[in-house]
Protein chains: 6
Amino acid sequence: EFVARVSGIATMAKLPYRETAEGLYAAFVGVPIDTGTSNRPGARFGPRQIRAESAMLRAYNSWTRAAPYESIMVADIGDINVNVYDLKDTCKRIREGYRKIVATGCIPLTMGGDHTIAYPILQAVAEKYGPVGLIHVDAHADTSDIVLGEKIGHGTPFRRCVEEGLLDCKRVAQIGLRGSGYSPDSYEWSRAQGFRVVQAEECWYKSLEPLMVEVRAQMGSGPVYLSFDIDALDPSFAPGTGTPEIAGLTTIQGLEIVRGCRGLNLVGCDLVEVSPAYDTTGNTALTAANLLFEMMCVLPKTKYYPK
Amino acid sequence: EFVARVSGIATMAKLPYRETAEGLYAAFVGVPIDTGTSNRPGARFGPRQIRAESAMLRAYNSWTRAAPYESIMVADIGDINVNVYDLKDTCKRIREGYRKIVATGCIPLTMGGDHTIAYPILQAVAEKYGPVGLIHVDAHADTSDIVLGEKIGHGTPFRRCVEEGLLDCKRVAQIGLRGSGYSPDSYEWSRAQGFRVVQAEECWYKSLEPLMVEVRAQMGSGPVYLSFDIDALDPSFAPGTGTPEIAGLTTIQGLEIVRGCRGLNLVGCDLVEVSPAYDTTGNTALTAANLLFEMMCVLPKTKYYPK
Amino acid sequence: EFVARVSGIATMAKLPYRETAEGLYAAFVGVPIDTGTSNRPGARFGPRQIRAESAMLRAYNSWTRAAPYESIMVADIGDINVNVYDLKDTCKRIREGYRKIVATGCIPLTMGGDHTIAYPILQAVAEKYGPVGLIHVDAHADTSDIVLGEKIGHGTPFRRCVEEGLLDCKRVAQIGLRGSGYSPDSYEWSRAQGFRVVQAEECWYKSLEPLMVEVRAQMGSGPVYLSFDIDALDPSFAPGTGTPEIAGLTTIQGLEIVRGCRGLNLVGCDLVEVSPAYDTTGNTALTAANLLFEMMCVLPKTKYYPK
Amino acid sequence: EFVARVSGIATMAKLPYRETAEGLYAAFVGVPIDTGTSNRPGARFGPRQIRAESAMLRAYNSWTRAAPYESIMVADIGDINVNVYDLKDTCKRIREGYRKIVATGCIPLTMGGDHTIAYPILQAVAEKYGPVGLIHVDAHADTSDIVLGEKIGHGTPFRRCVEEGLLDCKRVAQIGLRGSGYSPDSYEWSRAQGFRVVQAEECWYKSLEPLMVEVRAQMGSGPVYLSFDIDALDPSFAPGTGTPEIAGLTTIQGLEIVRGCRGLNLVGCDLVEVSPAYDTTGNTALTAANLLFEMMCVLPKTKYYPK
Amino acid sequence: EFVARVSGIATMAKLPYRETAEGLYAAFVGVPIDTGTSNRPGARFGPRQIRAESAMLRAYNSWTRAAPYESIMVADIGDINVNVYDLKDTCKRIREGYRKIVATGCIPLTMGGDHTIAYPILQAVAEKYGPVGLIHVDAHADTSDIVLGEKIGHGTPFRRCVEEGLLDCKRVAQIGLRGSGYSPDSYEWSRAQGFRVVQAEECWYKSLEPLMVEVRAQMGSGPVYLSFDIDALDPSFAPGTGTPEIAGLTTIQGLEIVRGCRGLNLVGCDLVEVSPAYDTTGNTALTAANLLFEMMCVLPKTKYYPK
Amino acid sequence: EFVARVSGIATMAKLPYRETAEGLYAAFVGVPIDTGTSNRPGARFGPRQIRAESAMLRAYNSWTRAAPYESIMVADIGDINVNVYDLKDTCKRIREGYRKIVATGCIPLTMGGDHTIAYPILQAVAEKYGPVGLIHVDAHADTSDIVLGEKIGHGTPFRRCVEEGLLDCKRVAQIGLRGSGYSPDSYEWSRAQGFRVVQAEECWYKSLEPLMVEVRAQMGSGPVYLSFDIDALDPSFAPGTGTPEIAGLTTIQGLEIVRGCRGLNLVGCDLVEVSPAYDTTGNTALTAANLLFEMMCVLPKTKYYPK
Ligand SMILES: [Mn+2]
Ligand SMILES: [Mn+2]
Ligand SMILES: [Mn+2]
Ligand SMILES: [Mn+2]
Ligand SMILES: [Mn+2]
Ligand SMILES: [Mn+2]
Ligand SMILES: [Mn+2]
Ligand SMILES: [Mn+2]
Ligand SMILES: [Mn+2]
Ligand SMILES: [Mn+2]
Ligand SMILES: [Mn+2]
Ligand SMILES: [Mn+2]
């Protein structure tokens, strides 16, 4: 029988709630923190709001013809229980939570939370799969060594990951970087590690389908993690975030990036930095819900109908 | 172990979700409709928003010393699956859903939804308990015969209830009525049925504790239903509603009314007309969540610590 | 036949629109300016928003039993066409517009617009009726000589009125004054003219019915003008205004003041300083619409049903 | 003489208000409903808000050089009086109201209201003109048979129209469709009727002028109805709507579609689904007002100055 | 010469900015943190927003006739430079910053920031003055031992202060406490320390002037610190805060408390927990600015004009 | 040492505040007026909000590699003290204030305020440099002779400038013009003066780099003033403005225009018409802050690192 969109406890995409990842091919999981945020907080409410707006999602992808629910087992497994007063302890809790999730073979589809969480998530993921390729979509490189005196925060996760050998640096692509920076060459460190850096200016006026052909080639067949900071999108599309930068990617480009991941060996995905207090219409969370749906649609075992 | 407020699927008061009322002393249930609304819609999102803001609720009542969770079994049983396109069919669905809930002996604590829902809920309740006493807190009498050409809507539920003999008219109290009206004597019909009518002007500048002494006497030991329209409160306290009227009750008076129901034979309660799109700070939903918590605290079997 | 609240061109209280005041006992008229504002602008949209929210008004006063539409002829006669770039020219235009209105004997019920407009309105009113009594409800005395270098603005109208002999100073009451001020004795000048000054602090915790008994005695049987600045109300009730001051009157007290004018020889009323951009829920405009309705209910010829 | 933008009763484009369509070449008319909405309501306030924001409109089209007011007689004829409690009855009322409008030969320019209204409007239009061509701009096909158990709602109007023979199916174009769907091939039914379906993805990065050349050819010289759901536009341009879908058309493309209708035999146009409660800046309503102005500019008899 | 309210860099009350407290009798200082917040964050922007809204403040207190700027030297000395990623380090930074301020004899008037900051501020204050009396106005006791696993946060500062002997426990009053709690007797610990606890329910419907007579007697002539959590006020007055509780104090009561501190040996004051993202009208910050102005008006050396 | 973004008095880009322009190569200066606005006011708060959101700006331009702070001396010199009640007097005050700024050789980077201010600013600039070239980015030509009966307002500044010989008309480019107009050929007067007019429609779907090559050629080596009305941008990017027009420039095009000014002899720049009350997310002000930063990056003496 039909269920009205407004009706029912708000889980992601109206999926059933499960207590653990056991038996699931993929799982939506929330990490509700914002204590790693440098400017506007509020991303702690990202998972709740994404779940609320996800009521608009239906079962099939009308363009790609993906049919996730006919092919893979997915559920909403709730949130990591974070320590709102201690960011370092929170990171430990996330790492342990994700160890349990990935141990079952389940692919986590994470709803952030600020970008700090990518670090402990990647610790767990790399512990399982070895160093992973990374497709990092963001306005910011998030590769600072120390920000405002601290090693842990949403400006440093990928520096930490590299230091710990969690990334296969030749298989890292950063897309959408822009804005003002702290040094004359803002992305020098990234390039020095072997990352491919694609600044937002290189994306202006262009379909990113050709870029994704190259990115797929770069990623090869090894395990890949997709980390999507909603601030990669222009603030006109995603105002509800903490450190917006003007002149960013379009939602269309965001979709092209996610859809362009089809065929990759994705072992985890996240969508971070949705801050509902600045999302006055709910549409940033709606965009996040759709991007997470599209991520589910490009997981290795998702079935597609022919076009 | 502790759980951060922001963490987890949003159920009412972070209670467990249950599929049915079986085995519960009381249950929070949502009825997400607004198609009975004459002015601003949006109450369909009331249950979702009340659940979200209810994350602030803790286990004990610091003033009355009620300890509900030590004494009664309560859960969130989700929402009635409504027909968003047909109000009359929705009423049937609500009636049937509540029949099942009250059949188990469970006391429903309803999160509305517009006030139309009181009619089918009282159909189910009266079918179980016979004509009930009613404490109706509202800016409006909701006793019109026909509004804008229709018999069913949020301006008519208690007229329908009287017609069907669902109310014990001598045990009905309407509190907080005010505003402009459609005839010279707006509450004539109510008084003609034997209702006690307490206009908002009679409440100005006063504690309502003395009134509630009288109301408890009026209600006696028979079954009582409490129906609380959030627009009974002044718009300064509860802006997030569809037909606000100025110069209403204070939240303090609202609490006095609910706390004043302690000792009554309550068989059901509702809190209706929260419209989140007009609740720009979330505090109307927060108020609703607190009032529902206080209703749970005055159910017959709730335990109290001595003061 | 019924008309849905949402339906139709937005006139005040869904009244007919008329091009002139000819033949009307009273007329709602808008003066959409905010160029006399010292802090937050936006009151130029006051009339439009008051009209929109006035869709909630019905025909009868459920407490006082006033039945305005059974006894007096009222319409919405639109707005004064103001000069948005020149405040002094705007004042001339208002004066001329009101001359025409009062010439017909029609009582203007003005929707502001910032409080500057009281000066040219009172020029027209006093030209017709001679010096008038004034009931001025406001957080501010609006009796400065010069504000920010200028004689004309929303902080000076009543100084100008006194200078021009438009007020019968012994019959002036200012109610609700408060906040920080520009000199040690903020209301010295008012008192020196013979005004009665009632500071907000004198109103705290009190019904204003006793005060209004005194004010009616003060006003006697001469012509009286009621000027109600919405910022007289506490910002919790009326956030949508340009120069809010904390700890103000309640809406209840506002109603008591207006209802307390019953029996006076009212020759004009205004409700000013509603600034919709700061009225995030529409409820300030709704309050204004209700206060204007209540003003119409206390006009000399409005009929009352017995209670 | 000049009239300040803020001044005056809010009619569409500051046009005169007329009680009927008699003698008009075209008429703006509101249909304030949202009871056909599946997700976020609020479109009932669409006409009121479009009128308010239309104060920005001037007399000439600075790009196309259309001069509507020099050539055609247009007015605002107010709203259809809907039944807010019964969607099916509302449809009857709309049909009857439009019968009267089209009977005079007047071209209705409709301000919605949710998309359900296209069904009864097209009943009236096809009764006058026979089966019409349709240019349907929308994120959704709105061709479901039954949604949430019901035949009438904003997801089904064009299915109903086809069933009743109101459309000339070979002359139907649907532009902007996208999002998740209820079946593997979301637009199969549309294509099966002979509709041309242009998914949003086919529009990305492209001017739609070439598409409109084809659409004009498809429409030929027969009567054409233009139905524009504001959710066809990307939520960044039109957040104020009830069922937003990401990655939609740009406002530029929306203008190209409307301007591309020049030369067609337009017999009616609508702009639907503006929901002001989600339009936090007023700019969705402003966009709607502009699109309606541009529709007026492409009516058969509108005069153009040479470029 | 006059200065327009909107004009100029936003310092508190348009006071001059000074780099240090040297030579000042009192200083406004910001502590922009929210990482001690359990629910809604955003208080980090409190100081900035309070400064913005403080443009409404004038020089004299129109009720009490205090004339602070004629008698004491005050400036805005900017903000403590906090560590947004580490709450414990932030506490150290605050303590050190306040040591320097109080060392000069200057009285800090603090703009928070969340309530965690009271702990390091009181460390510095007590180091200078010995154990102090405390007037703590709040919805919450903030005396938990451990919240969500942590010792430091906005729920624990006064527990920490007692443990370190910073408070003269017989001279502590907590006013406004309410809401749901974690144990049957929420304020047992406070009472066990000798604190006076005044629950919100004890304040309902009452002027707090009599209470303040008693509080002044309790405080005697020793050093007193005033800590005012804006959430002590009802959410209708102060929606812009992170952990609102319904049925709180009125702004009038808040003013009575602050004005009731006149004559005490105040050595520091704070106003905390203003969270601008939830302060949709700016009026919570405006209230905070006024309360801080009133605190300045009751400092020992502030001059008063006779009434 | 690091400084948290949230910390400190809000000056533009966290630059030091200076009382005068003496010794500065360039200066940020605010002109907080909106009394020249025809529709929605609020631009008076533009400078304050731009300063607040500018906390996101860092020191280097990550795309162009400009390093302004290594090469030029810049500060925030506060606001012109305007007359909020008299627009004509305000214009005099602006002219005098700018005379002092340009007299020192300092380049003003102005934060508006409505566009009226360009007229007195250009009076001062042309008095120093002779007739200047003008790059005017706007949705509107702002060349009306009289608007709503007045010569001075935000629709007329460039007409006044031409009349007074302040512009080198062959070196004027107007970019982004669009919307409905008051006459069949909206930009006829501009073209008649020799201005280059680039309508928004000519910019659709295009990089504006080629246009800027032509504009640089047009400007030559003479002094150039850049006047950027934020409403040139599409309302999706810049909703926070008073007279928005749909289908405008993208932020990307805005950046291309400003970056395309590199190499010109810029003698002044402004960014006007940011109206924070309509900027619900703060991102219009953020965009303005970034555009002003980019203007600083293209001043003649700003140093660039090689790419
Ligand atoms: Mn990031
Ligand atoms: Mn980022
Ligand atoms: Mn009701
Ligand atoms: Mn009601
Ligand atoms: Mn006033
Ligand atoms: Mn005032
Ligand atoms: Mn549609
Ligand atoms: Mn649609
Ligand atoms: Mn606290
Ligand atoms: Mn608190
Ligand atoms: Mn302009
Ligand atoms: Mn413009």
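The sequence lines fix the lettering, A, B, ..., with proteins before strands; numbering per chain opens at 1. None of these values were measured; they are calculated from a predicted model.
- Using a 4.5 Å cut-off between heavy atoms, D:Ser186 touches chain A through its side chain atoms alone.
- Side-chain atoms of D:Tyr182 never come within 3.5 Å of backbone atoms of A:Arg58 as a donor-acceptor pair (strictly under, hydrogens ignored).
- The most heavy-atom pairs under 4.5 Å with chain D, out of A:Ser207, A:Ala4, A:Pro235, A:Ser236, come from A:Ser207.
- For A:Gln253, the parts sitting under 4.5 Å from any heavy atom of chain D are the backbone and the side chain alike.
- Of the two parts of A:Lys206, only the backbone, made up of N, CA, C and O, holds a non-hydrogen atom closer than 4.5 Å to a non-hydrogen atom of chain D.
- When side chains are defined from C-beta on, A:Leu286 counts as touching D:Pro244, because their heavy atoms get closer than 4.5 Å.
- No other option in A:Thr64, A:Asn283, A:Thr251 has as many heavy-atom pairs under 4.5 Å with chain D as A:Asn283.
- Contact of the A:Glu53 side chain with the D:Arg40 side chain is registered, since non-hydrogen atoms from C-beta on lie closer than 4.5 Å.
- Proximity to chain D is limited to the side chain of A:Phe293, based on heavy atoms less than 4.5 angstrom apart.
- Summarising the local packing, NZ of A:Lys303 is surrounded by more than 12 heavy atoms from other residues, nucleotides or ligands at distances under 6.0 Å.
- If you measure heavy-atom distances from A:Tyr305 to chain D, the contacts under 4.5 Å come from the side chain alone.
- The contact between A:Leu255 and chain D is made entirely by side chain atoms (from C-beta outward), counting heavy-atom distances below 4.5 Å.
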Where do D:Arg178 and A:Trp63 land on the side chain to side chain contact (heavy atoms under 4.5 Å, CB included) test, with the steps shown first? CA-CA 7 Å; D:Arg178 63 189 187 274; A:Trp63 180 251; over 6 Å; no
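- A donor-acceptor pair under 3.5 Å links the side-chain atoms of A:Ser62 to the main chain of D:Gly179, judged by distance alone.
- Ranked by heavy-atom pairs under 4.5 Å with chain A, the first of D:Ser38, D:Ser183, D:Pro239 is D:Ser183.
- For D:Asp279, no part lies near chain A; criterion is any non-hydrogen pair under 4.5 Å.
- Each of A:Glu70, A:Glu294, A:Arg259 has some count of heavy-atom pairs under 4.5 Å with chain D, and the biggest count is that of A:Arg259.
- In terms of non-hydrogen atom pairs under 4.5 Å with chain A, the most contact-rich of D:Leu148, D:Thr243, D:Asn39, D:Thr281 is D:Leu148.
- The candidate from A:Val6, A:Asn61, A:Thr287, A:Asp234 with the greatest count of non-hydrogen atom pairs under 4.5 Å with chain D is A:Thr287.
- Taking chain A as the reference chain and counting heavy-atom pairs below 4.5 Å, the highest number among D:Phe237, D:Trp204, D:Tyr187 is found for D:Trp204.
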